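What's counted below: heavy atoms across the whole structure, side chains too, no hydrogens, waters or symmetry copies. Since we're looking at a predicted model, the values are computed, not measured.
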Amino acid sequence: MISEKIVRELAEERIAELDKGLFIVDIKISSSNQINVLIDCAEGSVAINDCISVSRNIEHNLDREEQDFELSVSSPGLDQPLKMVPQYIKNIGREVKVKLNDENGKLEGLLKAADDNGIIVETTRKERIEGRKKKETIVEEHALQYADIKETKIVISFK
């Protein structure tokens with residue numbers, strides 16, 4: 001089986017050469033040597049040429065005579081959960097859906113801030129306050145540690 005360490009080193013080598021703010025999100029290698037590398041960009045999006053460049057560096061430095069493999073280098077899609085701190089930082093200002101580690105813990109709101117320690121999600125809801133006819137908008141900020149988060153996904157909106 002091909003080592004994840006070798007694949008990571010080859011990918012990071014090319015990412016450093018490109019110097020575009022790219023970073024590795026995930027590397028998965030199956031028992032049949034199917035290699036999947038996910039890369040993202042701190043600002044903007046990942047270009048196809050960036051994926052091709054990283055892919056070629058990995059492919060040309062692994063020996064198919066020694067072990068056959070299948071290689072895929074791509075960026076995570078919008079439907080993929082956020083995994084790395086730079087992904088959270090990149091998506092500040094977007095609507096997110098957060099599943100917490102506790103049983104029924106869910107939040108949906110605006111990602112207001114992110115750093116190495118955690119994130120802040122702003123939620124809004126309408127609530128009737130006693131003695132008033134109209135519902136009031138209640139805005140709350142929730143500070144979450146990464147250890148408390150099971151999954152965070154971007155809310156895709158077609159408005």
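Atom-to-atom distance recorded for Arg8:CZ and Ile6:CD1 is 13.0 Å, nearest 0.5 angstrom. Within the model, atoms CD1 of Ile35 and CD1 of Ile27 stand 9.0 Å from one another, a figure rounded to the nearest 0.5 Å. Put simply, CG on Leu107 and OG1 on Thr123 are 6.5 Å apart, with the number rounded to the nearest 0.5 Å. Atom NZ of Lys153 is separated from atom CD of Gln80 by 7.0 Å, given to the nearest 0.5 angstrom. Annotation: the span from Ile39 atom CD1 to Arg14 atom CZ amounts to 11.0 Å, rounded to 0.5 Å. Atom-to-atom distance recorded for Ile48:CD1 and Ser55:OG is 13.0 Å, nearest 0.5 angstrom.
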- Task: Given side chain to side chain contact (heavy atoms under 4.5 Å, CB included), test Lys97 with Glu108 step by step and report yes or no.
- Result: CA-CA 4 Å; Lys97 199 179 281 189; Glu108 190 169 331; 3.2 Å; yes
- Item | side chain to side chain contact (heavy atoms under 4.5 Å, CB included) between Val96 and Ile119, intermediate numbers included | CA-CA 11 Å; Val96 293; Ile119 62 172; 5.7 Å; no
- Query: Hey, mind stepping through Ser74 and Leu38 against side chain to side chain contact (heavy atoms under 4.5 Å, CB included) and telling me if it holds?
  - Reply: CA-CA 5 Å; Ser74 63; Leu38 286 179; 3.4 Å; yes
- Message: Could you walk me through whether Glu59 and Arg64 satisfy the side chain to side chain contact (heavy atoms under 4.5 Å, CB included) test, starting with their C-alpha distance in whole Å, then the side-chain angles of each, then the deciding distance to 0.1 Å, before giving a yes or no?
- Response: CA-CA 9 Å; Glu59 188 170 356; Arg64 283 196 186 272; 3.3 Å; yes
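Contact check for Val7 versus Phe69: no side-chain heavy atoms found under the 4.5 Å cut-off. By the 4.5 Å heavy-atom criterion applied to side chains, Pro81 and Thr152 are not counted as neighbours. Contact of the Leu110 side chain with the Glu95 side chain is registered, since non-hydrogen atoms from C-beta on lie closer than 4.5 Å. Residues Leu71 and Leu62 are not in side-chain contact: their nearest non-hydrogen atoms beyond the backbone lie 4.5 Å or more apart. With contacts defined as side-chain heavy-atom distances shorter than 4.5 Å, the pair Asn117/Gln145 qualifies. Contact of the Leu111 side chain with the Arg94 side chain is not registered, since no non-hydrogen atoms from C-beta on lie closer than 4.5 Å. Between Pro76 and Gln87, the closest side-chain pair of non-hydrogen atoms falls below 4.5 Å. Counting heavy atoms from C-beta outward, Asp40 and Pro86 have side chains that stay 4.5 Å or more apart.
Considering all non-hydrogen atoms of both residues, Phe23 and Cys41 come closest at CE2-C, 3.7 Å. Taking every heavy atom of both residues into account, Cys51 and Ser75 meet most closely at SG-N, 4.2 Å.
No single ILVMFWY cluster, assembled from side-chain heavy atoms under 4.5 Å apart, contains both Leu82 and Ile24. The hydrophobic cluster containing Ile154 also contains Tyr146, counting ILVMFWY residues as joined when their side-chain heavy atoms lie under 4.5 angstrom apart, directly or transitively. Hydrophobic cluster membership is shared by Val46 and Ile58, with clusters built from Ile, Leu, Val, Met, Phe, Trp and Tyr side chains linked at under 4.5 angstrom. Cluster membership check: Leu22 does not share its hydrophobic cluster with Val25, using side-chain heavy-atom separations under 4.5 Å among Ile, Leu, Val, Met, Phe, Trp and Tyr. Ile15 and Val73 fall within the same hydrophobic cluster, defined by Ile, Leu, Val, Met, Phe, Trp and Tyr side-chain heavy atoms under 4.5 Å apart, directly or through other members.
A donor-acceptor pair under 3.5 Å links the side-chain atoms of Asn101 to the main chain of Ala147, judged by distance alone. Asn36 contributes no side-chain N or O that, together with a main-chain N or O of Lys28, makes up a donor-acceptor pair within less than 3.5 Å. Under the 3.5 Å distance criterion, the side-chain polar atoms of Asn57 are left unmatched by any main-chain donor or acceptor of His60.
Counting non-hydrogen atoms of neighbouring residues, nucleotides and ligands closer than 6.0 angstrom, the CD atom of Glu43 reaches no more than 12 such neighbours. The number of heavy atoms from other shown groups lying within 6.0 Å of CZ (Arg56) does not exceed 12.
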